[in-house]
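Report on the structure given below.
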Amino acid sequence: MRHIIPISGKDSLATALVQLKRQPDLPYEYMFNPTGAELPEVFDWINKVELYLGKEIIRVGENLEDIIEDYNFFLPSGQARYCTRQSKIQPMEKWIGKDECTIYYGIRADEVRKGYVNPSGRITVVLPLDEENINIDGVYEIINHHGLKPPTFFWKQVYDKVCKIIGGESVLKSLLKDWQIDMIFAWRSRANCYFCYNQRQYEWCGLLEYHPDLFWNAESMEHKGGEKTYSWNSNRTLRWIYENKESIVDKRVKSIVKIIDKLKQGEMNFNNNEDGFNDVLSTASCGLFCGK
């Protein structure tokens, strides 16, 4: 029986740390699904985690840009979600092969979702965080205790603008925990592929600001489909996002200020994602395989 823990973000890392404490003598295999489209911050963090665990995090994945080229640059989307399947899931299935295994997924107690289960029935799913009643607060407590917080993608421009409007940094710190501030002022919601179609327009603006070379590489892919052209964002091309960056960033600032005002007035509660707070955070991903 193999014991596999995929690691790609805060929840999956907390899962590994919790499971190690629960059953330290099992022969765990740690796995990461690279696509060749990761941000450099992600690999810096993976390397740090690998050193802490004292064991290799096995890379199991396929180059996504090559896969997209095979599709003649018909870009992935919510309706054509071949990217995760071919770059992450299928390589993982091939790596597991016909072995019986247990996979430990990072699903928290405050979430309602299921882990991936192969139809063969050879995979048993275990959810340590859920079983130990660990929510998002508990996850941050665990990873911060070990000094292994994933990249925050802190967006200084947005942070400074918000602080100027609301009356200073002290207002934020009086209302929010450090990890909540990290979430709100991140320029991307998950550490997934830099050209992920799930990104909001403001996340593309963050990529443009912090990794312009990657932004323009993604933009060039919108023009490589021959007579047909496709865009990563369902509503706008990346060229349009570039041309409208200032207004998109200002909209993000206004959204955060609105939330801060509601928190100050007691009209919103950050806990339990009440009142649509996640809509303001604009968190999206490709599920358990991407930055979870």
Side-chain angles (χ1 to χ4, degrees), residues 9 37-42 68 73 75-81 83 150-169 171-172 175-176 179-225 229-263 268 270 273 275-286 290-291:
E38 287 77 22
L39 292 163
E41 294 94 328
V42 175
I68 292 171
F73 291 94
L75 302 180
S77 67
Q79 293 71 46
R81 194 169 156 177
C83 48
T152 61
F153 302 107
F154 177 67
W155 202 347
K156 188 176 187 305
Q157 176 191 174
V158 170
Y159 184 84
D160 289 345
K161 286 185 176 182
V162 169
C163 285
K164 185 176 182 179
I165 294 170
I166 67 173
E169 186 178 56
V171 176
L172 287 176
L175 294 169
L176 298 169
W179 68 261
Q180 293 168 339
I181 292 174
D182 287 344
M183 287 180 67
I184 293 174
F185 292 100
W187 57 266
R188 64 186 295 110
S189 56
R190 286 277 183 90
N192 44 13
C193 299
Y194 73 82
F195 48 50
C196 181
Y197 65 84
N198 263 324
Q199 290 180 94
R200 304 306 198 266
Q201 290 181 2
Y202 79 85
E203 293 182 276
W204 284 110
C205 291
L207 181 68
L208 175 61
E209 181 171 336
Y210 285 92
H211 294 285
D213 55 328
L214 300 181
F215 178 92
W216 289 114
N217 186 61
E219 194 276 338
S220 72
M221 294 169 70
E222 294 186 328
H223 310 288
K224 293 182 177 180
T229 59
Y230 307 97
S231 61
W232 289 107
N233 186 274
S234 59
N235 298 315
R236 301 291 186 178
T237 65
L238 295 192
R239 172 63 63 171
W240 183 91
I241 289 174
Y242 163 72
E243 293 171 349
N244 291 272
K245 178 187 176 185
E246 185 174 343
S247 62
I248 295 169
V249 173
D250 285 344
K251 182 179 179 180
R252 179 62 176 167
V253 169
K254 290 176 182 177
S255 294
I256 296 173
V257 169
K258 183 179 179 181
I259 290 302
I260 299 301
D261 286 342
K262 286 189 174 183
L263 289 170
M268 178 174 284
F270 193 102
N273 298 322
D275 301 313
F277 198 90
N278 268 350
D279 292 338
V280 178
L281 288 176
S282 299
T283 301
S285 77
C286 294
C290 301

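Any value given below was found using the heavy atoms of this structure, including those in side chains, with hydrogens, waters and symmetry copies removed.
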Measure from the side-chain N and O atoms of [X] to the backbone N and O of [Y], and report whether any donor-acceptor pair falls under 3.5 Å.
X	Y	answer
Glu203	Ser189	yes
Gln199	Arg188	no
Tyr197	Ser231	no

query: How would you list, by chain and number, every residue that makes a side chain to side chain contact (heavy atoms under 4.5 Å, CB included) with Lys251, sequence neighbours excluded?
result: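 By the side chain to side chain contact (heavy atoms under 4.5 Å, CB included) rule, Lys251 matches no residue at all.
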
message: Between Leu214 and Leu208, is there a side-chain heavy-atom distance shorter than 4.5 Å?
response: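 With C-beta onward as the side chain, the pair stays apart.
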
message: Between Asp250 and Lys161, is there a side-chain heavy-atom distance shorter than 4.5 Å?
response: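 Yes; the side chains approach each other to less than 4.5 Å.
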
query: Is there any salt bridge (Lys or Arg N to Asp or Glu O under 4.0 Å) pair reaching into residues 236-247, and which pairs are they, with sequence neighbours excluded?
result: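 Those involving residues 236-247 are Glu209-Lys245.
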
Close aromatic pair by centroid cut-off 6.0 Å: Trp187 and Tyr210: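 For Trp187 and Tyr210, the ring centres are under 6.0 Å apart.
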
Heavy atoms only: give me the nearest [X]-[Y] pair and the separation to one decimal.
X	Y	value
Asn244	Ser247	O-OG, 2.9 Å
Glu222	Leu238	OE1-N, 3.1 Å
Ile166	Val171	O-CG2, 3.7 Å
Cys205	Ile248	SG-CG2, 3.6 Å

Say you draw a straight line from [atom1] of [X] to [atom2] of [Y]; how long is it, rounded to the nearest 0.5 Å?
X	Y	atom1	atom2	value
Leu172	Leu263	CG	CG	10.0 Å
Ile259	Ile184	CD1	CD1	7.5 Å
Cys196	Leu207	SG	CG	11.5 Å
Ile260	Ser255	CD1	OG	11.5 Å
Cys193	Leu39	SG	CG	9.0 Å

message: Restricting to salt bridge (Lys or Arg N to Asp or Glu O under 4.0 Å), what partner residues turn up for Lys258, sequence neighbours left out?
response: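 Result, salt bridge (Lys or Arg N to Asp or Glu O under 4.0 Å) vs Lys258: none returned.
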
message: Asp261: which residues meet the salt bridge (Lys or Arg N to Asp or Glu O under 4.0 Å) condition with it, sequence neighbours left out?
response: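 Partners of Asp261 under the salt bridge (Lys or Arg N to Asp or Glu O under 4.0 Å) test: none.
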
task: Before giving the answer on side-chain contact (heavy atoms from CB on, under 4.5 Å), spell out for Thr237 and Tyr242 the whole-Å C-alpha distance, their side-chain angles and the decisive distance to 0.1 Å.
output: CA-CA 9 Å; Thr237 65; Tyr242 163 72; over 6 Å; no

task: Report the residues that fulfil ring pair (Phe, Tyr, Trp, His ring centres under 6.0 Å) with Tyr194, sequence neighbours left out, ordered by chain and then residue number.
output: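 Scan of Tyr194 (ring pair (Phe, Tyr, Trp, His ring centres under 6.0 Å), adjacent residues dropped) gives none.
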
message: Can you tell me which residue among Tyr202, Trp179, Tyr159 is in a ring-ring contact (aromatic ring centres under 6.0 Å, His included) with Phe185?
response: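 Looking at Tyr202, Trp179, Tyr159, the match for Phe185 under the ring-ring contact (aromatic ring centres under 6.0 Å, His included) is Tyr159.
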
query: Could Lys164 and Asp160 be called an ion pair, given the rule that one side-chain N must be under 4.0 Å from one carboxylate O?
result: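 Salt bridge between Lys164 and Asp160, a charged N being under 4.0 Å from a carboxylate O: no.
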
message: Going by the rule side-chain hydrogen bond (donor to acceptor under 3.5 Å, both in side chains), which residues pair with Lys254 if we only count those two or more places apart in sequence or in a different chain?
response: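 Partners of Lys254 under the side-chain hydrogen bond (donor to acceptor under 3.5 Å, both in side chains) test: none.
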
field: Audit row: Trp155, Val249, side-chain contact (heavy atoms from CB on, under 4.5 Å) steps and yes/no
entry: CA-CA 10 Å; Trp155 202 347; Val249 173; 3.8 Å; yes

query: Would you call the rings of Trp232 and Phe195 parallel, tilted or perpendicular if under 30° counts as parallel and over 60° as perpendicular?
result: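 Judged by the thresholds at 30° and 60°, the geometry between Trp232 and Phe195 is parallel.
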
message: With a sphere of 6.0 Å drawn around CZ of Phe73, does it hold more than 12 non-hydrogen atoms of other residues, nucleotides or ligands?
response: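 Counting neighbours around CZ of Phe73, more than 12 heavy atoms of other residues, nucleotides or ligands fall under 6.0 Å, so yes.
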
